[in-house]
2 protein chains.
Amino acid sequence: MAIPRAAKTQRRTRIQEEKEERILEAALDVFSQNGFRGATIDQIAEAAGMSKPNLLYYFRTKEAIHRQLIDRVLSTWLEPLRAFDAEGNPESEIRSYIRRKLEMARDFPRESRLFANEVLQGAPHIEDELKGPLKALVDEKAEVIRAWARSGKITKCDPYHLIFSIWSTTQHYADFDVQVRAVLGQDYAGEGRFEDAARFLEQLFIDGLRARKA
Amino acid sequence: MAIPRAAKTQRRTRIQEEKEERILEAALDVFSQNGFRGATIDQIAEAAGMSKPNLLYYFRTKEAIHRQLIDRVLSTWLEPLRAFDAEGNPESEIRSYIRRKLEMARDFPRESRLFANEVLQGAPHIEDELKGPLKALVDEKAEVIRAWARSGKITKCDPYHLIFSIWSTTQHYADFDVQVRAVLGQDYAGEGRFEDAARFLEQLFIDGLRARKA
DNA sequence: CGATAATTTGACCGCTTGGTAAAACATTAC
DNA sequence: GTAATGTTTTACCAAGCGGTCAAATTATCG
């Protein structure tokens, strides 16, 4: 007799790992494009190339897929902010943070949209993560920025809103991709917009934050 | 015998106007929180305080409600950008643009989220609007900004990405409201965050764009 | 090999969904 | 008033939904 769910076994088989991977990959596609409510198990199953009951053998519920997806993505998503180094040079720290966030928007747009969908719809599944680990990390880095400002390395500014503005400007290129493309027009077929965006944003933030003599 | 749909009559009755208004108001709530696919007619009907068939007497389909909502909101949404004046002082134009966009994020977050949901999910219903009227408007204002840069009133920068960055930073406070609140914490009960954001963004953009001597 | 555990399938269930039909009810115009 | 029009309700449907079940199939291990 089969043990009810693969997940209950201690050792995971090769097949389990493969299939769960395929499911999460497919789910990322579907959830990021439709949000949690808008996504259906059938869609995910089809995208993963398996039948619905088969998919439900690996994940008991739609929520379980979503939760695991979020958990997995969240930590890598915050990686760039974690790398923010108090000892480093403020200008180059900010510059490379912007660059890394832009690279993520370019290379992992689905992950960005997954979160955007979630937060936009009230973050019903990740409120705790936002108020806990995320807030803690931001608080920590805000203190770093504040210290830089105190020591005159950058101009005085609200560190929280600085972080928000870096998040929003960079993620915009993933989350609002369709709009960005529509406005820039066809001539922007390639990914040159990311380079242009990087140039612009670095200029904006670096010059905007440079400590002023006056 | 009743004419199939109220909409077919030439003159709209008082009741029609009232009810359609109530429906659109309710739909704004529901669509902005759940996206198109995630929203249900029943939800909208309940929020509007009427039965589903009654609602469907005024709007034949879910799409029809959504379309009308988008149409109505789109024009008012772009109003601030339209107000961008080539003859005005660049600094104050940009400053007041930022301020107006922030006010809209504060006062009309549902409208912002309606669009965000739509664009995020690939803009299936408004692609034409984006590529047409929106692009045209942005192209026009980009030229204004470019002219300012040419005449040395602001520093040289990519006007499109400048506009994107103003959009994203301001709308962030509507679209990612839950996250902003979570990170800022309880002490931010009121709406002071909008004032802080305004201060920060004005500083960032004005100082970041100020024409440099070097 | 054979036994046992893991995986896959097809049939199904109860609920929700977008939408319809027709009749009951209300309003307006004359 | 009454007839025509406009509005609302009740009952309903077919498709889609998340999820279950038991049987069939396949992989694994001694």
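Each chain gets a letter, A, B and so on, in the order the sequences are listed, and its residues count up from 1. Hydrogens, waters and symmetry mates play no part in the numbers below; they use all other heavy atoms, side chains included.
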- Query: How far apart are the C-alpha atoms of B:Asp196 and B:Arg193, what are their side-chain angles, what is the distance that settles it, and do they pass the salt bridge (charged side-chain N to carboxylate O under 4.0 Å, His left out) test?
  - Reply: CA-CA 5 Å; B:Asp196 292 353; B:Arg193 68 204 127 99; over 6 Å; no
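- Contact annotation: A:Arg37 side-chain N/O to C:dT17 OP1/OP2 distance is under 4.0 Å.
- Taking atom CD on B:Glu46 and atom C1' on C:dT16, their separation rounds to 14 Å, with Å as the unit.
- With rounding to whole Å, A:Glu18 atom CD is found 14 Å from C:dA6 atom C1'.
- One can place CG of A:Asn34 at 16 Å from P of C:dT17, the figure rounded to the nearest angstrom.
- Taking CZ of B:Phe31 as the start and NZ of B:Lys62 as the end, the distance is 6.0 Å to the nearest 0.5 Å.
- Protein atom NZ of B:Lys62 is 14 Å distant from nucleotide atom P of C:dT20, rounded to whole Å.
- For A:Gln16 and C:dA6, the shortest distance from a side-chain N or O to OP1 or OP2 is not below 4.0 Å.
- Note: B:Phe205 CZ to B:Ile166 CD1 = 5.0 Å, rounded to the nearest 0.5 Å.
- A:Ala39 comes within contact range of the sugar-phosphate backbone alone, with a heavy-atom separation under 4.0 Å but no base atom that close.
- For B:Leu56, counting side-chain heavy atoms from C-beta on, the closest listed nucleotide (C:dG19, D:dC17, D:dG19) is C:dG19.
- Residue A:Asp158 holds its CG atom at 9.5 Å from CD1 of A:Ile145, rounded to the nearest 0.5 Å.
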- For nucleotides 8-13 of chain C, read 5' to 3', which letter fits each nucleotide if B means a protein heavy atom sits under 4.0 Å from the base, S means only the sugar-phosphate is that close, and - means neither? BBBB--
N/O donor-acceptor pairs under 3.5 Å from side chains in residues 125-133 of chain B, not counting sequence neighbours:
residue	atom	partner	partner atom	Å
B:His125	ND1	B:Glu118	OE2	2.9
B:Glu127	OE2	B:Lys131	NZ	3.1

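- The CD1 atom of B:Ile44 sits 14 Å away from the C1' atom of C:dG19 (whole-angstrom rounding).
- The distance between atom CD of B:Glu63 and atom P of C:dT17, rounded to the nearest whole Å, is 18 Å.
- The aromatic rings of B:His172 and B:Phe176 sit parallel to each other, their planes meeting at less than 30°, with 60° as the upper class boundary.
- The distance from atom CZ of A:Arg100 to atom CD of A:Glu103, rounded to the nearest 0.5 Å, is 8.0 Å.
- The nearest whole Å value for the distance from the CZ atom in B:Arg22 to the P atom in D:dT7 is 13 Å.
- Of the candidates C:dT17, D:dC17, D:dG19, D:dG19 carries the atom nearest the A:Ile41 side chain, counting heavy atoms from C-beta on.
- Computed from coordinates, the B:Ile65 CD1 to C:dG19 C1' distance equals 12 Å when rounded to whole Å.
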